[in-house]
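Just the heavy atoms: all of them, side chains too, but no hydrogens, waters or symmetry mates, feed the values below. Count residues from 1 along the sequence.
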Amino acid sequence: TIEAKELELSAPPVVEAPVVASPAKDGVGLVLGAYVQGRSYDALAPFVFGGGAELGVSLPGAWRPAASLLINYQGPITRDASLVSLQLQTVSFRGLLGVERAVSDTVDLLGSVGGGLDVLIAGVRSTQINHDDLHPRTDPAPFLSASLGVRWRPSASSAIFLRALVDFD
């Protein structure tokens, strides 16, 4: 019996890793926030900043289904040509369906697809053309979207997102 006691004392203790429950993984997650974004309009404006708001929900599970509604504003962008000056603003409405996957207790990966509507607001000015011939336009432009992102949750009530989103017009 003396030998058995010595073996028990010399064996390394078994330590199990603590299980930390992620609030977004174990319950319904709700996102309500504001964001800053960059957007390209090809040659008209290679990169401009705008802002918006997001409302989203995710359901519990290892692969969490998620849905988001986003609205944003871009502009105005002004470009001068020889006869006219164009001013463009955009209001976008977007719906996304996707999945979220926790990769740690505080980091999630996000993937989604969806679509929406850009409302393009164009104004035209000229010092050489009669103003009665220049009419502002508001045109809807539907699009499809795909996005990938990462979310860092420094606390149970806050998160920071980084998302790349591509629109197909």
Side-chain angles (χ1 to χ4, degrees), residues 7-79 88-122 138-169:
L7 288 176
E8 280 181 33
L9 294 175
S10 63
V14 176
V15 178
E16 293 187 23
V19 176
V20 179
S22 166
K25 181 176 148 186
D26 297 333
V28 174
L30 180 65
V31 172
L32 177 60
Y35 60 88
V36 175
Q37 71 171 19
R39 187 174 193 170
S40 172
Y41 288 97
D42 285 331
L44 180 62
F47 197 76
V48 293
F49 288 98
E54 178 175 3
L55 174 64
V57 65
S58 63
L59 300 177
W63 290 89
R64 298 185 304 272
S68 294
L69 296 173
L70 294 88
I71 182 171
N72 67 24
Y73 172 75
Q74 293 290 152
I77 302 163
T78 303
R79 290 294 178 254
L88 179 66
Q89 303 175 70
T90 307
V91 178
S92 297
F93 304 91
R94 176 179 284 109
L96 298 172
L97 296 175
V99 294
E100 301 176 353
R101 175 74 176 172
V103 293
S104 75
D105 291 333
T106 59
V107 177
D108 302 321
L109 296 179
L110 318 166
S112 59
V113 295
L117 187 70
D118 279 338
V119 178
L120 305 169
I121 306 161
T138 302
D139 294 310
F143 59 85
L144 298 175
S145 294
S147 76
L148 291 174
V150 63
R151 174 177 51 221
W152 174 56
R153 290 177 277 114
S155 72
S157 62
S158 65
I160 297 172
F161 290 79
L162 179 61
R163 183 182 331 200
L165 194 129
V166 177
D167 288 341
F168 304 95
D169 299 43

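- The two residues Pro140 and Leu117 have their closest heavy-atom pair at CB-CD1, 3.8 Å.
- Of all heavy-atom pairs spanning Ala67 and Leu97, the tightest one is CB-CD2, 3.7 Å.
- Rounding to the nearest 0.5 Å gives a distance of 11.5 Å between CG of Leu120 and CD of Gln74.
- Closest non-hydrogen pair, Ser145 versus Leu165, comes out as OG-CD2, 4.0 Å.
- Judged as a side-chain contact (heavy atoms from CB on, under 4.5 Å), and not counting sequence neighbours, the contacts of Ser92 are Arg39, Asn72, Thr90, Asp118.
- The distance from the OH atom of Tyr35 to the CD1 atom of Ile71 is 8.0 Å, given to the nearest 0.5 Å.
- Across Ser112 and Leu96, no two heavy atoms sit closer than the pair OG-CD1, 3.7 Å.
- The two residues Pro154 and Ala159 make their nearest non-hydrogen contact at CD-CA, 4.1 Å.
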Discussion item. With side-chain contact (heavy atoms from CB on, under 4.5 Å) as the criterion, how do Leu148 and Leu109 come out once you've worked through the C-alpha distance, each side chain's angles and the decisive distance to 0.1 Å?
Written reply: CA-CA 8 Å; Leu148 291 174; Leu109 296 179; over 6 Å; no
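- For the atom pair OG (Ser147) and CZ (Phe161), the distance works out to 10.5 Å, reported to the nearest 0.5 Å.
- Here Leu70 contributes atom CG and Glu54 contributes atom CD; the two are 4.0 Å apart, rounded to the nearest 0.5 Å.
- Scanning for ring pair (Phe, Tyr, Trp, His ring centres under 6.0 Å) contacts around Phe49 gives Phe47, with sequence neighbours left out.
- Heavy atoms only, all atoms of each residue included: Phe93 and Phe143 are closest at O-CZ, 3.8 Å.
- Residues passing the side-chain contact (heavy atoms from CB on, under 4.5 Å) test with Val107, sequence neighbours excluded: Val103, Ser104, Val150, Trp152.
- At least one side-chain heavy atom of Pro60 sits under 4.5 Å from a side-chain heavy atom of Val28.
- From Leu69, atom CG reaches atom CZ of Arg94 across 11.5 Å, with rounding to the nearest 0.5 Å.
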